[in-house]
Amino acid sequence: MAPPRAYWKGSLKLSLVSCPVALYPATTSVDKTRFHMINKETGNRLKQQMVDSETGDVVEGDQKGRGYELRKGEYVEVEKDELEAVQIESNHTIDIDSFVPKDEIDERYINNPYYIAPDGKAGIDAFAVIRDAMKNKGRVALARIVLTNREHIIAIEPWGKGLLGITLRYPYEVRDEDDYLDDIKNPKISNDMVELASHILDSKAAHFDPSKFKDEYETALKSLVRRKAAGKPVKAAEREEKPDNVISLMDALKQSLKGGKAAAKRGHHSPTRRAAPRAAKKAHRSAARARKAG
(Lines give C-alpha, C1' and ligand atoms only; values in the text may rest on other atoms or scores of the structure.)
Protein backbone atom coordinates (compact mmCIF):
# COMPACT_ATOMS: atom_id res chain seq x y z
CA MET A 1 0.00 0.00 0.00
CA ALA A 2 1.41 3.38 -1.03
CA PRO A 3 2.05 5.86 1.81
CA PRO A 4 -0.49 8.70 2.08
CA ARG A 5 0.28 11.80 0.08
CA ALA A 6 1.09 14.91 2.09
CA TYR A 7 -1.31 17.82 1.73
CA TRP A 8 1.35 20.36 2.77
CA LYS A 9 5.06 20.30 3.51
CA GLY A 10 7.17 22.87 5.31
CA SER A 11 8.77 23.61 8.66
CA LEU A 12 7.39 23.74 12.20
CA LYS A 13 9.13 26.57 14.01
CA LEU A 14 9.31 27.38 17.72
CA SER A 15 11.59 30.35 18.27
CA LEU A 16 15.00 29.19 16.94
CA VAL A 17 14.01 25.49 16.92
CA SER A 18 12.55 24.16 13.66
CA CYS A 19 11.96 20.83 11.95
CA PRO A 20 10.53 19.68 8.59
CA VAL A 21 6.95 18.42 8.84
CA ALA A 22 4.14 17.20 6.61
CA LEU A 23 0.38 17.71 6.98
CA TYR A 24 -2.17 15.03 6.15
CA PRO A 25 -5.96 15.56 6.22
CA ALA A 26 -7.36 13.75 9.26
CA THR A 27 -10.79 13.31 7.68
CA THR A 28 -12.07 12.00 4.35
CA SER A 29 -15.32 11.86 2.40
CA VAL A 30 -14.24 9.37 -0.29
CA ASP A 31 -16.51 6.64 1.10
CA LYS A 32 -19.64 8.75 0.90
CA THR A 33 -22.08 7.84 -1.85
CA ARG A 34 -21.91 10.41 -4.64
CA PHE A 35 -24.06 10.93 -7.71
CA HIS A 36 -23.21 12.38 -11.11
CA MET A 37 -25.55 14.28 -13.38
CA ILE A 38 -26.45 12.17 -16.40
CA ASN A 39 -28.52 12.39 -19.57
CA LYS A 40 -31.60 10.26 -18.79
CA GLU A 41 -32.06 9.45 -22.49
CA THR A 42 -28.52 8.27 -23.27
CA GLY A 43 -27.20 7.42 -19.80
CA ASN A 44 -24.09 9.50 -20.50
CA ARG A 45 -22.53 11.75 -17.87
CA LEU A 46 -23.09 15.49 -18.23
CA LYS A 47 -20.34 18.07 -18.00
CA GLN A 48 -20.72 21.62 -16.79
CA GLN A 49 -19.89 24.69 -18.83
CA MET A 50 -19.34 28.29 -17.79
CA VAL A 51 -21.81 30.61 -19.50
CA ASP A 52 -21.77 34.40 -19.75
CA SER A 53 -24.67 35.62 -17.61
CA GLU A 54 -25.63 38.34 -20.12
CA THR A 55 -24.90 36.90 -23.59
CA GLY A 56 -25.49 33.24 -22.78
CA ASP A 57 -22.31 32.29 -24.69
CA VAL A 58 -20.12 29.44 -23.47
CA VAL A 59 -16.85 30.84 -22.06
CA GLU A 60 -13.69 28.90 -22.90
CA GLY A 61 -10.79 28.32 -20.51
CA ASP A 62 -8.55 31.12 -21.77
CA GLN A 63 -11.40 33.63 -21.34
CA LYS A 64 -12.07 32.81 -17.70
CA GLY A 65 -10.78 35.19 -15.04
CA ARG A 66 -11.32 36.28 -11.43
CA GLY A 67 -13.24 39.38 -10.51
CA TYR A 68 -14.21 41.09 -7.26
CA GLU A 69 -17.65 42.68 -7.23
CA LEU A 70 -17.29 46.34 -6.27
CA ARG A 71 -21.00 47.04 -6.66
CA LYS A 72 -23.92 45.25 -8.27
CA GLY A 73 -22.77 43.99 -11.69
CA GLU A 74 -19.42 45.86 -11.61
CA TYR A 75 -16.26 43.83 -11.17
CA VAL A 76 -12.55 44.58 -10.89
CA GLU A 77 -10.48 41.88 -12.59
CA VAL A 78 -7.55 40.39 -10.68
CA GLU A 79 -4.90 38.43 -12.61
CA LYS A 80 -3.35 35.20 -11.36
CA ASP A 81 0.14 36.67 -11.19
CA GLU A 82 -1.24 39.58 -9.15
CA LEU A 83 -2.61 37.13 -6.61
CA GLU A 84 0.71 35.31 -6.49
CA ALA A 85 2.40 38.65 -5.81
CA VAL A 86 0.61 38.84 -2.46
CA GLN A 87 3.51 37.40 -0.48
CA ILE A 88 2.79 35.91 2.94
CA GLU A 89 5.78 35.44 5.20
CA SER A 90 4.62 32.11 6.65
CA ASN A 91 4.21 30.51 3.20
CA HIS A 92 6.24 27.39 4.01
CA THR A 93 6.50 27.67 7.77
CA ILE A 94 4.19 26.87 10.67
CA ASP A 95 5.33 29.67 12.97
CA ILE A 96 4.18 29.12 16.56
CA ASP A 97 3.06 32.41 18.11
CA SER A 98 1.78 31.34 21.53
CA PHE A 99 0.55 28.51 23.75
CA VAL A 100 -2.94 28.59 25.26
CA PRO A 101 -5.09 26.31 27.47
CA LYS A 102 -7.12 24.00 25.23
CA ASP A 103 -10.41 24.72 27.02
CA GLU A 104 -10.11 28.40 26.10
CA ILE A 105 -10.55 27.69 22.38
CA ASP A 106 -14.13 28.56 21.41
CA GLU A 107 -15.62 25.51 19.65
CA ARG A 108 -17.25 27.72 17.01
CA TYR A 109 -13.79 28.55 15.66
CA ILE A 110 -12.81 24.90 15.05
CA ASN A 111 -12.53 24.09 11.35
CA ASN A 112 -10.53 21.26 9.68
CA PRO A 113 -8.19 18.73 11.38
CA TYR A 114 -4.81 17.58 10.05
CA TYR A 115 -2.24 15.07 11.25
CA ILE A 116 1.25 16.56 11.51
CA ALA A 117 4.21 14.20 11.22
CA PRO A 118 7.98 14.65 10.82
CA ASP A 119 9.02 14.83 7.18
CA GLY A 120 11.97 12.46 7.05
CA LYS A 121 14.53 11.70 9.75
CA ALA A 122 16.08 15.14 9.80
CA GLY A 123 14.74 17.22 12.67
CA ILE A 124 12.84 14.37 14.35
CA ASP A 125 14.53 15.24 17.67
CA ALA A 126 13.28 18.82 17.44
CA PHE A 127 9.80 17.54 16.55
CA ALA A 128 9.77 15.30 19.64
CA VAL A 129 10.99 18.12 21.89
CA ILE A 130 8.18 20.44 20.76
CA ARG A 131 5.57 17.66 21.08
CA ASP A 132 6.67 16.51 24.53
CA ALA A 133 7.00 20.06 25.88
CA MET A 134 3.35 20.65 24.97
CA LYS A 135 2.40 17.39 26.70
CA ASN A 136 4.17 18.48 29.87
CA LYS A 137 2.48 21.89 29.94
CA GLY A 138 -0.94 20.72 28.74
CA ARG A 139 -1.07 23.61 26.29
CA VAL A 140 -2.10 24.03 22.66
CA ALA A 141 0.10 25.94 20.23
CA LEU A 142 -1.40 28.68 18.08
CA ALA A 143 0.45 29.19 14.81
CA ARG A 144 0.02 30.54 11.29
CA ILE A 145 0.02 28.43 8.12
CA VAL A 146 -0.71 29.09 4.45
CA LEU A 147 -3.04 26.57 2.78
CA THR A 148 -4.49 27.07 -0.72
CA ASN A 149 -2.99 30.57 -0.89
CA ARG A 150 -4.79 31.73 2.27
CA GLU A 151 -3.29 32.22 5.70
CA HIS A 152 -4.96 30.30 8.51
CA ILE A 153 -4.58 30.15 12.25
CA ILE A 154 -3.89 26.57 13.30
CA ALA A 155 -4.15 25.07 16.80
CA ILE A 156 -1.60 22.30 17.37
CA GLU A 157 -1.69 19.68 20.13
CA PRO A 158 0.11 16.40 20.85
CA TRP A 159 -1.63 13.40 19.25
CA GLY A 160 -0.08 9.99 19.85
CA LYS A 161 3.40 9.96 18.35
CA GLY A 162 2.67 13.06 16.29
CA LEU A 163 0.63 16.24 16.41
CA LEU A 164 -2.90 17.22 15.50
CA GLY A 165 -3.41 20.58 13.84
CA ILE A 166 -6.88 22.13 13.58
CA THR A 167 -7.37 25.20 11.44
CA LEU A 168 -9.42 27.89 13.14
CA ARG A 169 -11.89 30.36 11.70
CA TYR A 170 -11.31 34.09 11.90
CA PRO A 171 -13.70 36.23 13.99
CA TYR A 172 -15.35 37.64 10.84
CA GLU A 173 -16.35 34.07 9.89
CA VAL A 174 -18.23 33.44 13.15
CA ARG A 175 -21.73 34.84 13.45
CA ASP A 176 -22.87 36.72 16.54
CA GLU A 177 -25.04 34.49 18.72
CA ASP A 178 -27.17 37.46 19.79
CA ASP A 179 -28.63 37.65 16.29
CA TYR A 180 -30.17 34.21 16.81
CA LEU A 181 -30.43 33.58 20.55
CA ASP A 182 -31.14 36.99 22.08
CA ASP A 183 -34.92 36.83 21.60
CA ILE A 184 -35.34 33.42 23.26
CA LYS A 185 -37.73 33.78 26.19
CA ASN A 186 -36.77 32.49 29.62
CA PRO A 187 -39.94 30.85 31.01
CA LYS A 188 -40.27 29.74 34.61
CA ILE A 189 -39.86 25.97 34.80
CA SER A 190 -40.72 24.03 37.94
CA ASN A 191 -37.98 22.15 39.77
CA ASP A 192 -40.00 18.93 39.35
CA MET A 193 -39.75 19.21 35.55
CA VAL A 194 -36.01 19.88 35.67
CA GLU A 195 -35.51 16.90 37.98
CA LEU A 196 -37.51 14.62 35.68
CA ALA A 197 -35.50 15.79 32.67
CA SER A 198 -32.31 15.17 34.67
CA HIS A 199 -33.42 11.60 35.37
CA ILE A 200 -33.99 11.10 31.61
CA LEU A 201 -30.45 12.35 31.00
CA ASP A 202 -29.14 9.90 33.60
CA SER A 203 -30.99 7.01 31.94
CA LYS A 204 -29.25 7.84 28.65
CA ALA A 205 -25.80 8.50 30.11
CA ALA A 206 -22.95 7.02 28.04
CA HIS A 207 -19.35 7.58 26.99
CA PHE A 208 -18.25 9.13 23.71
CA ASP A 209 -17.77 6.24 21.27
CA PRO A 210 -17.73 7.27 17.58
CA SER A 211 -17.70 3.58 16.54
CA LYS A 212 -21.41 3.58 17.44
CA PHE A 213 -22.18 6.39 15.00
CA LYS A 214 -24.24 4.91 12.15
CA ASP A 215 -24.95 6.90 9.00
CA GLU A 216 -28.41 5.48 8.31
CA TYR A 217 -28.90 7.70 5.27
CA GLU A 218 -25.63 6.52 3.70
CA THR A 219 -26.66 2.89 4.33
CA ALA A 220 -30.05 3.52 2.71
CA LEU A 221 -28.39 5.17 -0.31
CA LYS A 222 -26.08 2.19 -0.86
CA SER A 223 -29.06 -0.16 -0.59
CA LEU A 224 -30.98 1.96 -3.10
CA VAL A 225 -28.10 1.86 -5.61
CA ARG A 226 -27.68 -1.93 -5.22
CA ARG A 227 -31.40 -2.54 -5.80
CA LYS A 228 -31.47 -0.26 -8.85
CA ALA A 229 -28.36 -1.91 -10.31
CA ALA A 230 -29.96 -5.32 -9.83
CA GLY A 231 -33.16 -4.19 -11.54
CA LYS A 232 -35.23 -4.55 -8.39
CA PRO A 233 -38.11 -2.18 -7.64
CA VAL A 234 -37.64 0.57 -5.08
CA LYS A 235 -40.56 1.46 -2.85
CA ALA A 236 -40.82 4.70 -0.95
CA ALA A 237 -40.72 4.23 2.80
CA GLU A 238 -43.97 4.93 4.56
CA ARG A 239 -43.86 8.12 6.58
CA GLU A 240 -44.60 7.81 10.26
CA GLU A 241 -47.78 9.59 11.24
CA LYS A 242 -47.28 12.28 13.85
CA PRO A 243 -49.57 11.90 16.85
CA ASP A 244 -52.34 14.45 16.94
CA ASN A 245 -52.89 14.33 20.67
CA VAL A 246 -51.26 17.13 22.63
CA ILE A 247 -50.01 16.22 26.09
CA SER A 248 -48.59 18.41 28.80
CA LEU A 249 -44.85 18.86 29.19
CA MET A 250 -44.94 17.16 32.58
CA ASP A 251 -46.75 14.12 31.15
CA ALA A 252 -44.29 13.95 28.26
CA LEU A 253 -41.37 13.97 30.71
CA LYS A 254 -42.94 11.21 32.81
CA GLN A 255 -43.67 9.04 29.77
CA SER A 256 -40.16 9.62 28.41
CA LEU A 257 -38.67 8.52 31.72
CA LYS A 258 -40.82 5.36 31.77
CA GLY A 259 -39.84 4.61 28.15
CA GLY A 260 -36.17 5.06 28.93
CA LYS A 261 -36.31 2.68 31.87
CA ALA A 262 -38.23 0.08 29.87
CA ALA A 263 -35.72 0.28 27.01
CA ALA A 264 -32.85 -0.12 29.46
CA LYS A 265 -34.44 -3.29 30.85
CA ARG A 266 -35.02 -4.75 27.39
CA GLY A 267 -31.49 -3.95 26.26
CA HIS A 268 -30.49 -3.01 22.73
CA HIS A 269 -31.93 -6.14 21.07
CA SER A 270 -35.56 -7.21 21.24
CA PRO A 271 -36.32 -10.88 20.45
CA THR A 272 -39.87 -10.02 19.37
CA ARG A 273 -38.55 -7.61 16.76
CA ARG A 274 -36.19 -10.21 15.36
CA ALA A 275 -38.90 -12.84 15.23
CA ALA A 276 -41.29 -10.70 13.23
CA PRO A 277 -39.19 -10.57 10.01
CA ARG A 278 -38.57 -14.35 10.21
CA ALA A 279 -42.29 -15.02 10.60
CA ALA A 280 -43.06 -12.76 7.67
CA LYS A 281 -40.47 -14.50 5.48
CA LYS A 282 -41.84 -17.92 6.46
CA ALA A 283 -45.39 -16.88 5.56
CA HIS A 284 -44.12 -15.46 2.26
CA ARG A 285 -42.37 -18.75 1.38
CA SER A 286 -45.48 -20.74 2.27
CA ALA A 287 -47.64 -18.55 0.04
CA ALA A 288 -45.14 -18.90 -2.81
CA ARG A 289 -45.15 -22.69 -2.51
CA ALA A 290 -48.94 -22.70 -2.51
CA ARG A 291 -49.05 -20.60 -5.69
CA LYS A 292 -46.50 -22.86 -7.37
CA ALA A 293 -48.47 -25.98 -6.42
CA GLY A 294 -51.70 -24.45 -7.72
Side-chain angles (χ1 to χ4, degrees), residues 2-16 18-32 34-39 44-98 105-106 108-120 122-123 140-156 163-176 179:
R5 184 179 178 183
Y7 180 72
W8 181 96
K9 287 188 176 185
S11 297
L12 176 63
K13 184 179 179 184
L14 172 61
S15 189
L16 298 179
S18 65
C19 57
V21 295
L23 260 70
Y24 304 90
T27 60
T28 178
S29 60
V30 297
D31 291 329
K32 280 188 175 291
R34 298 181 181 276
F35 296 98
H36 298 289
M37 299 300 294
I38 63 171
N39 184 336
N44 297 329
R45 184 175 172 179
L46 302 178
K47 64 179 182 179
Q48 292 182 324
Q49 291 181 312
M50 303 296 287
V51 178
D52 189 298
S53 60
E54 295 295 328
T55 66
D57 296 335
V58 175
V59 179
E60 302 300 334
D62 58 349
Q63 296 175 301
K64 296 175 185 176
R66 294 179 176 85
Y68 179 84
E69 190 171 25
L70 296 173
R71 56 188 65 87
K72 187 67 175 178
E74 183 178 339
Y75 299 87
V76 57
E77 185 178 348
V78 180
E79 300 291 345
K80 184 178 179 181
D81 57 348
E82 293 173 329
L83 286 173
E84 292 173 351
V86 181
Q87 296 294 331
I88 301 177
E89 186 178 345
S90 58
N91 205 9
H92 295 288
T93 305
I94 303 175
D95 203 351
I96 297 176
D97 294 323
S98 60
I105 297 178
D106 189 326
R108 296 172 300 170
Y109 287 78
I110 293 174
N111 202 350
N112 296 319
Y114 297 88
Y115 294 127
I116 303 177
D119 186 21
V140 173
L142 294 183
R144 288 165 287 130
I145 185 173
V146 175
L147 300 172
T148 60
N149 297 322
R150 298 296 296 264
E151 187 175 59
H152 301 266
I153 303 300
I154 187 168
I156 303 171
L163 298 169
L164 180 71
I166 301 176
T167 54
L168 303 178
R169 296 182 176 92
Y170 287 102
Y172 68 81
E173 297 177 284
V174 177
R175 291 174 172 173
D176 188 346
D179 293 340

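For the atom pair NZ of K47 and CZ of R45, the computed distance is 11.5 Å after rounding to the nearest 0.5 Å. The structure places CG of L23 at 8.0 Å from CD1 of I156, a figure rounded to the nearest 0.5 Å.
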| Worked verdict on I153 versus Y109 for side chain to side chain contact (heavy atoms under 4.5 Å, CB included) | CA-CA 10 Å; I153 303 300; Y109 287 78; over 6 Å; no
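When the shell of 6.0 Å around OH of Y68 is examined, it contains 12 or fewer heavy atoms from other residues, nucleotides or ligands.
Of the candidates I154, I105, D106, N111, L168 forms a side-chain contact (heavy atoms from CB on, under 4.5 Å) with just one, namely I105.
The side chain to side chain donor-acceptor pair (under 3.5 Å) search around T28 returns none, not counting sequence neighbours. Judged as a ring pair (Phe, Tyr, Trp, His ring centres under 6.0 Å), and not counting sequence neighbours, Y75 has no contacts. In this structure, the side chain to side chain donor-acceptor pair (under 3.5 Å) partners of D97, at least two apart in sequence or on a different chain, are R144. Annotation: side chain to side chain donor-acceptor pair (under 3.5 Å) contacts of E79 (sequence neighbours excluded): none. Judged as a ring pair (Phe, Tyr, Trp, His ring centres under 6.0 Å), and not counting sequence neighbours, the contacts of Y170 are Y172.
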Return all side-chain donor-acceptor pairs below 3.5 angstrom for residues 56-67, not counting sequence neighbours, or 'none' if the list is empty.
from : atom 1 : to  : atom 2 : distance (Å)
D57  : OD2    : T55 : OG1    : 3.3
Q63  : OE1    : E60 : N      : 3.1

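A donor-acceptor distance shorter than 3.5 angstrom exists from the side chain of T167 to the backbone of N112, with no hydrogens or angles considered. Judged by distance alone, with hydrogens and angles left aside, the side-chain atoms of W8 form no donor-acceptor pair with the main-chain N or O of T148 at under 3.5 Å.
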